[in-house]
Amino acid sequence: MKTKIVRMKEDEIDREQIKAAADILKKGGLVAFPTETVYGLGGNAFDPQASEKIYAAKGRPSDNPLIVHIARKSDLYRVAKNVPDEAAKLAEELWPGPLTMVLEKTEDLPKETTGGLDTVAVRCPSERIARALIEEAGGFIAAPSANLSGKPSTTKGEHVIRDMDGRIDMILCAEDCEIGLESTIVDLTVDPPAVLRPGYYSADRIKEVIKKEVLSEKGMTDPNAAPKAPGMKYRHYAPKAELVLVKGRKEEVHQTINALCEQAKMKDFKAAVICSQETEDLYHCDRIFTVGSIEDEEMIARRLYDVLRQIDDTDTQIIYSEAFETPILGGAIMNRMKKAAGGRIISAKGEI
Ligand code: TXA
Ligand code: MG
């Protein structure tokens, strides 16, 4: 398939191209587009065949439901029913923005879009190109993140081209995504509501808006429970090289990582380090990738997937990374890093 690649800026929207993209969606085709979190891979949410095409383009299992993107808050009621007051409050306060709500789905919405579930995940993004496209296409775009299944999400147009060129009809490229991590997902079909995936908004922020208890991801880790967000059961955000997270006090972390890099070198293993700007000079490894200043957690969130993808472009076999447990976004950043590491976390207290 020939993929049309279109570039535009968020504050210089090309109406002609938006119209062309919307026409593709209305005819059942697929268009990747920017959002404030990560790029999305969109199809018409009411067209079951479009959803099937999305699963095929991503190489994603079809029991993993898609998020329905809307541009007008009131459109929520076309795809969701029995919407509780808390959801209305969250929509009022945090939409448009990086929040996805899981609600009971209406009968009209095809099951293909929700991976066979009776619930639907809905998000109203703030990014202007996304909003223009959703409106022009009729109001409802089903979209997962625009990456091949199992790869880190895409936060730059170039990432999307890399993964999706030849697999979909059009790619709308804009500036890099502002947030860089996927939206916070809150399940409002349960009481108390539960955060299924942390993001830019923490469980505390959700709590503040709805003024009631919210289960955070940490409070829900019953290993025997079926995953509530089906996507959580798949290996995610995975770089090609093995990723190991090293936690602990600053001076112990760099010493441990240097020792591990030394060991890797002796075994002829190609190692890389992910660290902050403040510590990069402390490492002796040949390949050092910095995510930015530890004081700027928004920058770390924005750059994380790009760094993982940059390392993917090299022949690195093992990555040792600092843990970025920053005050507000640390929960979301570490959630992604732990998944990318497949649970490989070590403590820097000499236990190498
Ligand atoms: O920021 C985002 O949310 C981005 C942009 C494009 O909007 N989208 C995104 O979609 O991250 P995706 O498909 O990569 O992740 C959606 C997650 C999956 O883990 C999926 O299982 C979960 O949402 N999900 C979707 N519908 C659900 C539902 N009805 N119940 C529970 N989880 C659901
Ligand atoms: Mg995804």
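Whatever order the structure lists them in is the order used to number ligands and atoms, beginning at 1. Residues take their numbers from the sequence shown, with the count starting at 1. Computed from a predicted model, the values in this text were never measured in an experiment.
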**Asked** At their closest point, which heavy atom of Y283 faces which heavy atom of I288, and how far apart are they?
**Response** CB-CD1, 3.6 Å
**Message:** Tell me whether the NZ or CZ atom of R78 lies within the 45° cone about the ring axis of F46 and under 6.0 Å from its centre.
**Reply:** yes
**Request:** Look at atom NZ of K73 and say whether more than 12 heavy atoms of other residues, nucleotides or ligands are closer to it than 6.0 Å.
**Result:** yes
**Item:** Heteroatom N/O/S of S153 within less than 2.8 Å of the Mg ion (ligand 2)
**Value:** no
At a non-hydrogen distance cut-off of under 4.0 Å, which region of [X] contacts ligand 1 (side chain, backbone, both, or neither)?
| X | result |
| --- | --- |
| R60 | side chain |
| T119 | both |
| T114 | neither |

**Message:** Among P65, G116, P125, which one puts a heavy atom closest to atom 24 (N) of ligand 1?
**Reply:** P65
**Asked** Which value, rounded to the nearest 0.5 Å, describes the distance between I318 atom CD1 and L243 atom CG?
**Response** 8.5 Å
**Message:** Would V102 count as a contact residue for ligand 1, given that I'm defining contact as a non-hydrogen atom of the residue lying under 4.0 Å from a ligand atom?
**Reply:** yes
**Request:** Determine whether any heavy atom of H69 lies closer than 4.0 Å to an atom of ligand 1.
**Result:** yes
**Message:** So, regarding T35 and ligand 1 (criterion: nitrogen or oxygen to nitrogen or oxygen, under 3.5 Å), is there a contact or not?
**Reply:** no
**Request:** Measure from the ring center of Y39 to the ring center of F33 and say whether it is less than 6.0 Å.
**Result:** no
